[in-house]
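In each ligand, atom 1 is the first atom listed, and ligand 1 is the first ligand listed. Along the sequence shown, the residues carry numbers beginning at 1.
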Amino acid sequence: MDDKITKLQTLLGERVKKNVPLAPFTTFKIGGPADLYYEARTIEEFVEVVTKARELGIPVTILGGGSNVLIGDKGIRGLVVKNNTGAITIRGMKGKYQSGGSVGSVYVEVDSGVVFNKFVRFTVEEGLKGLEMHLGLPGSVGGAIFMNSKWTKAASKDATQGIVTENNRRRYLGTLPMPASYVGDAVYQATILTPENVVTAVDRSYFRFAYDTSVIQKTGDIVLRVVFVLTPGDKQALWEVANESVSYRRESQPQGVKSPGCTFRNITKAQAVATATPNHTTSAGFLVDHVGLKGKAVGDAQISPVHANFIVNNGHAKAIDVVQLIELARGKVKEQFGVNLEEEIVRLGEL
Ligand SMILES: Cc1cc2nc3c(=O)[nH]c(=O)nc-3n(C[C@H](O)[C@H](O)[C@H](O)COP(=O)(O)OP(=O)(O)OC[C@H]3O[C@@H](n4cnc5c(N)ncnc54)[C@H](O)[C@@H]3O)c2cc1C
């Protein structure tokens with residue numbers, strides 16, 4: 001491996017760094033070092049570093065905002081590419097753009113490394129409708145495509161408690177969409193780098209977006225750029241929805257904590273009915289809460305006392321502590337409700 005590292009450094013220069021701790025690049029602040037680390041600032045650099053590393057037989061891992069990952073304590077072998085690409089461009093319009101109206105479509109192209117929040121702010125400021133409810137979603141555009149990240153009531157306090165009353169809905173949601181809205185809904189096209197190092201354009205259907213899922217979780221494609229299709233809207237009304245969404249997050253999710261968001265995926269309605277969960281709830285947080293694990297800690301890792309589907313790092317938690325909590329929750333939920341919980345967070349590297 002040392003030989004390959006030297007070769008990659010010869011090809012790409014000193015920006016390829018050795019033995020870089022990864023915890024600071026994640027919202028969980030957990031994880032060991034990358035053998036090799038490179039920050040790509042443009043799509044050209046991104047493609048070049050991935051291609052050259054693969055040609056040398058060095059495994060490549062992509063890190064966006066690091067807001068949905070659990071990196072192992074021993075770190076990641078091979079090269080980690082931190083995606084810091086950052087361009088946003090309005091590509092064109094179709095139909096008539098009438099002020100205040102919603103006629104026609106506007107196509108906006110964005111590099112996959114752009115912070116999703118920054119992109120949402122851009123679209124809202126431009127009076128473009130389609131992503132405003134996602135204000136407050138951490139991470140990058142590429143990570144949001146990989147996960148098909150969502151706005152959903154299932155991430156809410158009410159859902160954790162299994163109750164979404166009409167009053168709560170009005171209080172929290174106002175004009176927000178119910179029950180869910182996915183980032184993939186607004187995708188028109190994307191440019192990807194395939195595992196064979198081919199750069200190609202694909203349309204929305206390629207991704208087979210579903211709950212917490214896109215096909216690239218299986219194919220290993222890397223998202224380089226995305227074109228979103230949005231519609232003209234009233235800027236003030238869009239800001240209202242965006243700000244309401246942020247307030248709702250503040251009310252329903254633990255704040256100021258080190259965490260990668262929800263640990264487990266919610267279950268399907270069919271699973272909830274089949275296993276007869278209380279009130280047929282689909283909420284993973286509700287199930288973890290009801291097996292008595294809210295607040296349970298292993299080392300500095302703790303199942304959040306605020307939201308049972310969040311695990312928080314209260315100081316110097318290790319990945320191994322988090323895994324113990326995950327297995328404990330999974331085991332108890334299986335035992336009591338007969339439900340197999342699947343992880344939403346992505347594990348990277350060696351434990
Ligand atoms: C406080 C908090 C709240 C959250 N709320 C929500 C929420 O409401 N809804 C929701 O869905 N999620 C939520 N999340 C989870 C997370 O923010 C999203 O899943 C986010 O979209 C992940 O993006 P990221 O750039 O941080 O991905 P990362 O964590 O960096 O990576 C996640 C996975 O995507 C892959 N990946 C990243 N970029 C690319 C790329 N360009 N091409 C190919 N693969 C790539 C990585 O290799 C990794 O496997 C929350 C997280 C936190 C910490």
Side-chain angles (χ1 to χ4, degrees), residues 22 25-31 34 40 43 46-47 50 59-71 76 79-85 110-120 131 133-156 159 176 180-185 190-195 202 207 209 211-226 245-246 248-250 252-266 285 304 306-307 309-313 343-349:
L22 294 171
F25 302 112
T26 70
T27 54
F28 219 173
K29 305 297 176 217
I30 292 177
I43 296 297
F46 197 3
V47 172
V50 172
V60 177
T61 304
I62 308 303
L63 202 55
S67 66
N68 204 44
V69 288
L70 172 63
I71 296 180
I76 300 182
L79 173 74
V80 170
V81 182
K82 172 84 174 79
N83 182 3
N84 284 352
T85 59
V110 59
D111 283 357
S112 55
V114 169
V115 172
F116 204 82
N117 252 318
K118 180 179 167 188
F119 183 51
V120 174
L131 295 172
M133 73 297 287
H134 296 295
L135 190 68
L137 175 72
S140 66
V141 169
I145 298 294
F146 182 90
M147 292 305 297
N148 191 22
S149 298
K150 72 275 172 198
W151 154 262
T152 167
K153 72 178 185 195
S156 76
L176 283 165
S181 187
Y182 296 90
V183 169
D185 297 347
T191 308
I192 58 168
L193 177 67
T194 69
V202 292
F207 288 96
F209 288 120
Y211 172 73
D212 276 347
T213 305
S214 68
V215 79
I216 64 170
Q217 293 174 5
K218 290 206 177 109
T219 58
D221 297 317
I222 294 171
V223 183
L224 300 174
R225 288 193 183 98
V226 185
S245 180
V246 171
Y248 184 53
R249 278 176 187 279
R250 285 204 190 108
S252 59
Q253 295 179 348
Q255 297 298 301
V257 293
K258 296 183 270 188
S259 156
C262 287
T263 313
F264 297 108
R265 295 169 186 227
N266 289 318
S304 165
V306 179
H307 188 316
N309 204 13
F310 274 54
I311 294 179
V312 296
N313 172 5
E343 281 165 51
E344 176 174 333
I345 50 175
V346 179
R347 294 196 200 185
L348 297 177

For ligand 1, does T27 get within less than 4.0 Å through its side chain, its backbone, both, or neither, judged by non-hydrogen atoms? side chain
Do you know which of L137, V226, V110 makes side-chain contact (heavy atoms from CB on, under 4.5 Å) with F119? V110
Without swapping roles, check the side chain of S304 against the backbone of F310 for a donor-acceptor pair under 3.5 Å. no
Checking ring pair (Phe, Tyr, Trp, His ring centres under 6.0 Å) for the pair Y248/W151: CA distance, chi angles, key distance, verdict? CA-CA 11 Å; Y248 184 53; W151 154 262; 5.1 Å; yes
Which heavy atom of H307 sits nearest a heavy atom of P254, and at what distance? CB-CD, 3.8 Å
Measuring from atom 40 (C) of ligand 1, which candidate in V223, I345, V50 has the nearest non-hydrogen atom? V223
Per side-chain contact (heavy atoms from CB on, under 4.5 Å), I62 is matched among L193, L348, I222, V223 by I222
A student checking ligand 1 against S140 at a 4.0 Å heavy-atom cut-off should list atoms 23 (O), 24 (P), 25 (O)
Go through the steps to decide whether I216 and F207 satisfy the test side-chain contact (heavy atoms from CB on, under 4.5 Å), and finish with yes or no. CA-CA 7 Å; I216 64 170; F207 288 96; 3.9 Å; yes
For ligand 1, does V69 get within less than 4.0 Å through its side chain, its backbone, both, or neither, judged by non-hydrogen atoms? both
Of the side chain and backbone of M147, name the one, both, or neither that has a heavy atom under 4.0 Å from an atom of ligand 1. side chain
Write down the atom of Q217, the atom of R265, and the distance for their closest heavy-atom approach. OE1-NH2, 3.9 Å
So is D221 in contact with ligand 1, going by heavy-atom distances below 4.0 Å? yes
Do N68 and E344 come close enough that some side-chain heavy atom pair is under 4.5 Å? yes
Flag G65 as yes when one of its N or O atoms lies below 3.5 Å from any N or O atom of ligand 1, and as no otherwise. yes
Ligand 1 to G139, heavy atom cutoff 4.0 Å, flagged ligand atoms 23 (O), 24 (P), 25 (O), 26 (O)
With nothing but distance in play, are any N or O atoms of G66 less than 3.5 Å from an N or O of ligand 1? yes
Under 4.0 Å from a heavy atom of V346: which atoms of ligand 1 are those, numbered in the order shown and with their elements? 49 (O)
Just which atoms of ligand 1 are under 4.0 Å from any heavy atom in Q253? 3 (C), 5 (N)
Run the side-chain contact (heavy atoms from CB on, under 4.5 Å) test on L224 and F46 for me, step by step, so that the C-alpha distance in whole Å, both residues' side-chain angles and the decisive distance to 0.1 Å come before the verdict. CA-CA 8 Å; L224 300 174; F46 197 3; 3.8 Å; yes
At under 4.0 Å between heavy atoms, what of P260 touches ligand 1? The answer is backbone
To atom 13 (C) of ligand 1, the nearest of L137, I145, V141, V60 on a heavy-atom basis is L137
Nearest heavy-atom pair of T85 and N83: which atoms, and what distance? OG1-OD1, 2.8 Å
Counting heavy atoms only, which of G113, S67, S149 comes nearest to atom 21 (O) of ligand 1? S149
Heavy-atom proximity to atom 52 (C) of ligand 1, best of A40, P138, G143, P254: P138
Report yes or no: does K150 contribute a side-chain atom to a donor-acceptor pair with the main-chain N or O of V183 at less than 3.5 Å? no
Is ligand 1 less than 4.0 angstrom away from at least one heavy atom of I222? yes
Measure from atom 5 (N) of ligand 1 to every heavy atom in R249, M133, K258 and give the option owning the shortest one. R249
Nitrogen or oxygen atoms of D212 and ligand 1 under 3.5 Å apart: no
